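Report on one structure; see the data block that follows.
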Amino acid sequence: MKFFSGLLVALTATSANAFTTNAPRTASPKTALSVTATEWDLANIGRSVRIEGSSREHWEFPDPNQEIVQVGIDTNGRPAESLIELWIGPDWTPMKVKAYTEDGMMRPIQTLIGTRNKAAAIDINNTGPGDFPLNAAAAYAGPSMVGQRADLLTSNQGRYIEGGAVHSVNFDATVDQVQVLLYTDTRQLNAQVELLNGPNNFKQKYEVFTNNGLLNSLYVIFNAPGAGNVVRVTNLAPLEFPCKAFIASV
């Protein structure tokens, strides 16, 4: 598979594994945070849809030559709670991501999902109440977005987290965005990533489960305005299912 061979090259340099960095869309390279933020604007991602509470929408991705999908979710400032699923075939859901944010305008949901180089669909379910709609968009990720994720693997040694363990990283007020990548060595990935501001006061949270953390690693970007921000990773899997975490500012 094209994605697997390209992936192994990047991972050899870091003694790490994650899903492929194959991508389609042309985009200008990022040179500043404002450019990064612009790339995550829903209008720049693709077709944006308003999803009412307790309803869902899905996007089709039929091209097996492209692999990474960019997913963005925001609101007008209200909380957002959603379930993002990867569908392959009629009845296979190899990856699920539960996402929550306290303020969908200040801290939108921003993640990359791998399709395993197969015809697939991304389903977004607004699991919040009816009076909490959200806006969502999904499209194949552009080269600069894929490159940013690949750079995280080569510029960061990562942290090995055993099942049941917790790892936290503090960030000062000069950091506006934080990127997090979690993966395994083909074993299942079941973990939680939180952005906290204050003792156990989480502002945003992702919970991922996939049967293969190499083919479907979790990559998310947190907006981290202000001071006192902490990223906390919890491996929810049993002891024999470790994962590796890469955490850095954007």
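Just so it is clear, the structure is predicted and the values come from calculations on it, not from any experiment.
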T111/V97 under side-chain contact (heavy atoms from CB on, under 4.5 Å): CA gap, chis, key distance, verdict: CA-CA 10 Å; T111 184; V97 179; 5.5 Å; no
Describe, in one word, how the ring planes of F246 and Y183 are oriented to each other, choosing from parallel (under 30°), tilted (30 to 60°) and perpendicular (over 60°).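 If you compare the ring of F246 with that of Y183, the planes turn out parallel.
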Shortest non-hydrogen contact from [X] to [Y]?
X	Y	answer
A191	L182	CB-CD1, 3.8 Å
P62	A119	O-CB, 3.8 Å
I221	Y206	O-OH, 4.2 Å
F171	S249	CE2-N, 4.0 Å
E39	S144	OE2-OG, 2.6 Å
E52	P133	OE1-CB, 3.6 Å

I'd like to check the salt bridge (Lys or Arg N to Asp or Glu O under 4.0 Å) partners of R56; sequence neighbours left out, ordered by chain and number.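 Partners of R56 by the salt bridge (Lys or Arg N to Asp or Glu O under 4.0 Å) criterion, ordered by chain and then number, come out as E85, D123.
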Residue pair N216, L189: steps toward the side-chain contact (heavy atoms from CB on, under 4.5 Å) verdict: CA-CA 9 Å; N216 280 119; L189 173 63; over 6 Å; no
[atom1] of [X] to [atom2] of [Y]: how many Å apart, nearest 0.5 Å?
X	Y	atom1	atom2	result
I113	E67	CD1	CD	10.5 Å
I73	E81	CD1	CD	11.0 Å
L152	Q179	CG	CD	4.5 Å
D74	T101	CG	OG1	10.0 Å
Y219	Q148	OH	CD	4.0 Å
Q177	N223	CD	CG	4.5 Å

Which is it for N229 and V178 under the side-chain contact (heavy atoms from CB on, under 4.5 Å) test, yes or no, and what are the steps along the way? CA-CA 10 Å; N229 290 300; V178 177; over 6 Å; no
Would a hydrophobic clustering, with Ile, Leu, Val, Met, Phe, Trp and Tyr connected at side-chain separations under 4.5 Å, put [X] with [Y]?
X	Y	value
V169	I161	yes
L236	V233	no
I124	I88	yes
I84	W92	yes
I122	Y100	no

Does the side chain of [X] reach to within under 4.5 Å of the side chain of [Y], using non-hydrogen atoms?
X	Y	result
R149	L181	yes
V69	L86	no
Q192	L218	no
Q204	I109	yes
Q188	P238	yes
F241	N190	no
I247	H167	yes
F222	V180	yes

Looking at [Y], is its backbone amide N or carbonyl O close enough to the side chain of [X] to form a donor-acceptor pair, meaning the two atoms are under 3.5 Å apart?
X	Y	result
T186	N212	no
S217	L214	no
R232	F202	no
D172	T174	yes

Run the side-chain contact (heavy atoms from CB on, under 4.5 Å) test on V193 and V231 for me, step by step, so that the C-alpha distance in whole Å, both residues' side-chain angles and the decisive distance to 0.1 Å come before the verdict. CA-CA 7 Å; V193 186; V231 171; 4.1 Å; yes
Pair listing, salt bridge (charged side-chain N to carboxylate O under 4.0 Å, His left out) test, anchored in residues 196-218, at least two apart: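 For residues 196-218, and leaving out neighbouring residues, the salt bridge (charged side-chain N to carboxylate O under 4.0 Å, His left out) pairs sorted by first residue read E102-K203.
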Do you see a donor-acceptor pair shorter than 3.5 Å between the side chains of N125 and T127?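 No pair is found: no donor N or O on one side chain lies under 3.5 Å from an acceptor on the other.
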What do the steps show when you test N126 against R50 for side-chain hydrogen bond (donor to acceptor under 3.5 Å, both in side chains), and what is the final call? CA-CA 10 Å; N126 184 349; R50 177 186 170 101; over 6 Å; no
